[in-house]
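Step one of this worksheet: look at the structure below.
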Amino acid sequence: MTFTDELWSAIEPIYAEILAHPFIGGLTDGTLPRDAFRHFVIQDSHYLRDYARALAVCAAKAPDEQDVRAFADDAVGALAAEQGMHAEFLGAFGETAERAAAEPVLPTTRAYTSYLLATVYGGSFAEAVGAVLPCYWIYARVGEQLLTHSSPDPLYAQWIATYGDETFQAVVRRVLALTDRLGAELSATERRRVIEHFTTTSRYEWMFWDAAWRREAWPV
C-alpha cells in the first residue's frame, strides 16, 4: 500500500459523505439554489487567498528545488483562480470582486484557514503537504466524478468542468507522487501526524460545502 493509498483509506467515509451531500447533488441536477452557490463562491474567494499563502509556505519549506517551483506556481494559480473564475461567477450574480471581498469571512472558512495556516507554519514539510492535499485531491475526485454527468445549469457545468479538466488532474497527480515520495521516508509517528492533518482538512472540505448549503452566518 502506498502512502496515498493509506491516506485515502483514512478519508473514504468522509469522501462518501461529500458525494452524498445535497450541495453536490444540486450541482449535478441543477437544483442547487443560486444563493447557496453565491455563498460558496464568496467564501471560496476568501479561502483561496489563505490557501495561496499556505502553498507559498509549502514552497518555502520544500527541500527540493523542483518542488519549490511547483508549489510557488500553484500558489500563483490559486490566486489566479480566485481572480479569474470567481470573477465570472460573481458577475453572474451581479457582484463585483470588491463587494465580495468586503463580505465577512464566515465561521467555517475562518476555522479551516486558521487550522491550515497554523499547520503549514508550525509543522514539517510533510505535515504541510498533508494539510493542503485535500483541497487538491478531493476537488479532483469530485470534479472527475461529476464530469460524467455535468449539469443542466451552465454555471454549475462550468464549475464542474474546471475541476474535472485534465490540466487540473495532472497537477494533482504531481502532488500525489510527491506525497508518496515523502511517505516512504517518514517515521511511524510522522506518518500519523500527516494522516491526522489530512483527515482534519478533509473534514473541513465537507464542512465548507455544508456551510454554503446552510447559508452559514455568524450567530452574533
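Position 1 is the first residue of the sequence, and the numbers go up from there. Model, not experiment: these values are computed from the prediction.
- Here Phe168 and Tyr139 keep their ring centres 6.0 angstrom or further from each other.
- Side chains of Arg203 and Thr200: a donor-acceptor N/O pair is absent below 3.5 angstrom, by distance only.
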Applying salt bridge (charged side-chain N to carboxylate O under 4.0 Å, His left out) to Arg192 and Glu6, what does each step give before you reach the verdict?
CA-CA 11 Å; Arg192 283 195 298 271; Glu6 187 176 355; over 6 Å; no

Evaluate side-chain contact (heavy atoms from CB on, under 4.5 Å) for Ile195 paired with Phe3, printing each intermediate quantity in order.
CA-CA 9 Å; Ile195 292 169; Phe3 190 39; 4.1 Å; yes

Checking Tyr204 against Tyr115 for the side chain to side chain donor-acceptor pair (under 3.5 Å) test, could you report, in this order, the C-alpha distance in whole Å, the side-chain angles of both residues, the deciding distance, and whether it holds?
CA-CA 10 Å; Tyr204 274 123; Tyr115 181 87; over 6 Å; no

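- Separating the NE2 atom in His46 from the CG atom in Asp50 is a distance of 10.0 Å, to the nearest 0.5 Å.
- Ser150 contributes no side-chain N or O that, together with a main-chain N or O of Leu146, makes up a donor-acceptor pair within less than 3.5 Å.
- In this structure, Phe198 and Trp137 have tilted ring planes: the angle between them lies in the 30° to 60° band.
- More than 12 non-hydrogen atoms from other residues, nucleotides or ligands lie less than 6.0 angstrom from CZ of Arg174.
- Not counting sequence neighbours, the partners of Glu216 by the side-chain contact (heavy atoms from CB on, under 4.5 Å) test are His39, Leu106, Pro107, Thr108, Ala211, Arg214.
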Test side chain to side chain donor-acceptor pair (under 3.5 Å) on Thr4 and Thr2; report intermediate values, then the result.
CA-CA 5 Å; Thr4 52; Thr2 65; 3.1 Å; yes

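- The cationic atom of Arg34 (NZ for Lys, CZ for Arg) lies less than 6.0 Å from the six-membered ring centre of Tyr156 and within 45° of the ring axis.
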Show the numbers, then the answer: is there a side chain to side chain donor-acceptor pair (under 3.5 Å) between Ser151 and Asp153?
CA-CA 5 Å; Ser151 176; Asp153 186 306; 5.6 Å; no

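- Residue Arg215 places its CZ atom among more than 12 non-hydrogen atoms of other residues, nucleotides or ligands, all under 6.0 Å distant.
- Within a 6.0 Å radius of CD in Glu65, no more than 12 heavy atoms belonging to other residues, nucleotides or ligands are found.
- Annotation for Ala131 and Thr119: closest pair CB-CG2, 3.8 Å, computed over non-hydrogen atoms.
- Aromatic ring pairs are classed by plane angle as parallel below 30°, tilted from 30° to 60° and perpendicular above 60°; the pair Tyr136 and Phe71 is perpendicular.
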Can you list the steps and then say if Phe93 with Ile42 is a side-chain contact (heavy atoms from CB on, under 4.5 Å)?
CA-CA 11 Å; Phe93 302 122; Ile42 289 174; over 6 Å; no

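- For Tyr121, the side-chain contact (heavy atoms from CB on, under 4.5 Å) partners are Val57, Leu117, not counting sequence neighbours.
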Without placing hydrogens or testing angles, list every side-chain donor-acceptor pair under 3.5 Å for residues 9-27, not counting sequence neighbours.
{"unit_1": "Tyr15", "atom_1": "OH", "unit_2": "Arg141", "atom_2": "O", "d": "3.3"}
{"unit_1": "His21", "atom_1": "ND1", "unit_2": "Phe23", "atom_2": "N", "d": "3.0"}
{"unit_1": "His21", "atom_1": "NE2", "unit_2": "Asp210", "atom_2": "OD1", "d": "2.8"}

